[in-house]
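Have a look at the structure below, then the notes.
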Amino acid sequence: MDSRSGEMVVFAKVVETGSFSGAGKLLNLTPSAVSKLVTRIEERLGVLLLQRSTRQLAVTTEGRHFYDSCVRILDDIEEAEQGIAQGKAAAHGLLRVNVSLPFGTHQLLPVIPEFNRRYPDITLDLSLTDALVDLQRERVDVAIRMGPLADASFRARPLGQSRLAVVASPAYLAARGAPAHPDDLAAHRCFNFNFRRSLDEWPFRIDGHTAYRQVGGGMLTNNGETMRQLTLDGLGIGRLALFHVGRDLGAGRLVELLPGFNPGDVEEIHAIFRNQRHMPQRVRVFIDFLVEKMAVADFGAAPHGSR
């Protein structure tokens, strides 16, 4: 194979199969031919893409970055060719989406049927998790993220913002009573996350200033949906975003506590995606769809001037 795209196909198959022979079988090439092609790429780039041993191949950091680029470019080529073949730039192909469990469950999944009707040729690969995911390594096309944006290598479009609230179930309050002041939380079971980045303090507005109170006594969990369910079951008090528990509050399944002490902090919600020159049509239409749908969603944003 002499073309750059052909080389990318071979290298991608080596990474995916973990061997020269595995890639060769898929592409009808000898292991020796595959090995020579990868060596040629490395010599041209001036970096080592694969660590070779008698037992296995290991992808280097540079090799992983090159693989991610190869897959993205090959996907774009396939989309362009299929669009021309169909006589239009049709949105189609595999779209990998990563989103937190609460937002995915309560905001994204309800609108997915409509997206599927509009774009039946797009195959969604949805991952709902609160774990931190390497978007490059997992080849994620679009991710929905809450809070500050940390990765400058990705572009972002705002979807909205959501106020947070301290909540409990009527059953819990009947059994344990309602706190009248943030200091009263020391006598209550309060849930928290077990993330390494998580803090065991909640912010409150006290005497005109933001103050933090340590909470605990309840369970720890790795996702907001589990915390919501534990709170609904009357096992303790949680602090959750209103995009997550707004319907529960409206239906009386949960009650907001200490609203006069709420500091008015909000979580910004963004769709983030790769910073690339030519955005695939499948990515573009999905982001536009999210912006359209989330514009009419009620995220319980903070009142004007409370931020």
Side-chain angles (χ1 to χ4, degrees), residues 1-86 89-99 119 121-127 129 131-143 151 153-155 271-287:
M1 293 187 179
D2 296 324
S3 70
R4 295 289 175 88
S5 61
E7 289 180 346
M8 290 179 179
V9 170
V10 173
F11 181 74
K13 293 304 180 186
V14 171
V15 173
E16 291 164 2
T17 62
S19 69
F20 295 137
S21 59
K25 288 179 181 178
L26 291 175
L27 300 170
N28 197 27
L29 296 171
T30 66
S32 175
V34 174
S35 177
K36 290 179 180 178
L37 187 146
V38 172
T39 298
R40 188 164 70 239
I41 298 173
E42 290 176 325
E43 290 175 348
R44 186 173 70 246
L45 298 179
V47 296
L48 187 67
L49 301 176
L50 300 172
Q51 292 279 4
R52 286 101 160 150
S53 71
T54 55
R55 293 186 176 182
Q56 64 180 5
L57 297 176
V59 186
T60 65
T61 300
E62 293 79 7
R64 176 57 62 181
H65 290 161
F66 185 63
Y67 169 77
D68 291 338
S69 296
C70 288
V71 171
R72 184 168 65 249
I73 291 169
L74 292 171
D75 284 347
D76 290 347
I77 291 173
E78 180 184 2
E79 182 177 38
E81 290 180 344
Q82 292 187 12
I84 294 298
Q86 295 174 7
H92 67 278
L94 182 65
L95 181 70
R96 297 178 180 88
V97 178
N98 180 272
V99 60
Y119 305 102
D121 294 329
I122 294 179
T123 301
L124 280 175
D125 182 346
L126 291 175
S127 294
T129 176
L132 290 176
V133 173
D134 187 324
L135 302 182
Q136 288 280 13
R137 178 167 297 180
E138 299 298 324
R139 295 162 53 193
V140 173
D141 295 303
V142 181
D151 195 337
S153 64
F154 283 81
R155 295 172 60 189
I272 65 174
F273 46 98
R274 295 189 188 102
N275 188 7
Q276 52 190 321
R277 184 175 180 181
H278 300 291
M279 183 189 296
Q281 185 75 351
R282 60 185 180 277
V283 174
R284 187 183 305 279
V285 298
F286 183 72
I287 293 173

query: Would you find a donor on one side and an acceptor on the other, under 3.5 Å apart, between the side chain of Thr17 and the backbone of Lys13?
result: yes

- prompt: Donor-acceptor pair, Asp141 side chain versus Val97 backbone, under 3.5 Å?
  reply: no

[X] [atom1] to [Y] [atom2] distance, which is reported to the nearest 0.5 Å:
X      : Y      : atom1 : atom2 : answer
Lys36  : Glu43  : NZ    : CD    : 12.0 Å
Met8   : Leu37  : CE    : CG    : 11.5 Å
Ser21  : Leu29  : OG    : CG    : 12.0 Å
Gln281 : Ile122 : CD    : CD1   : 8.0 Å
Leu57  : Gln51  : CG    : CD    : 10.0 Å
Arg40  : Leu45  : CZ    : CG    : 12.0 Å

query: Any side-chain heavy atom of Val283 sitting closer than 4.5 Å to one from Val142?
result: yes

task: Check whether any side-chain heavy atom of Val14 sits under 4.5 Å from a side-chain heavy atom of Leu50, and report yes or no.
output: yes

What are the two closest heavy atoms between [X] and [Y], and how far apart are they?
X     : Y     : answer
Val34 : Ala23 : CG1-CB, 4.3 Å
Pro31 : Phe20 : O-CB, 3.8 Å
Ser19 : Gly22 : OG-N, 2.8 Å

task: Mind running side chain to side chain contact (heavy atoms under 4.5 Å, CB included) on Asn98 and Thr129 for me, showing each step along the way?
output: CA-CA 7 Å; Asn98 180 272; Thr129 176; 3.7 Å; yes

Determine all donor-acceptor pairs shorter than 3.5 Å in which one atom belongs to a side chain in residues 59-69; sequence neighbours excluded.
residue, atom, partner, partner atom, Å
Thr60, OG1, Leu48, O, 2.7
Thr60, OG1, Leu49, O, 3.1
Thr60, OG1, Gly63, N, 3.0
Tyr67, OH, Glu16, OE2, 2.7
Tyr67, OH, Arg139, NH1, 2.9
Ser69, OG, His65, O, 3.2

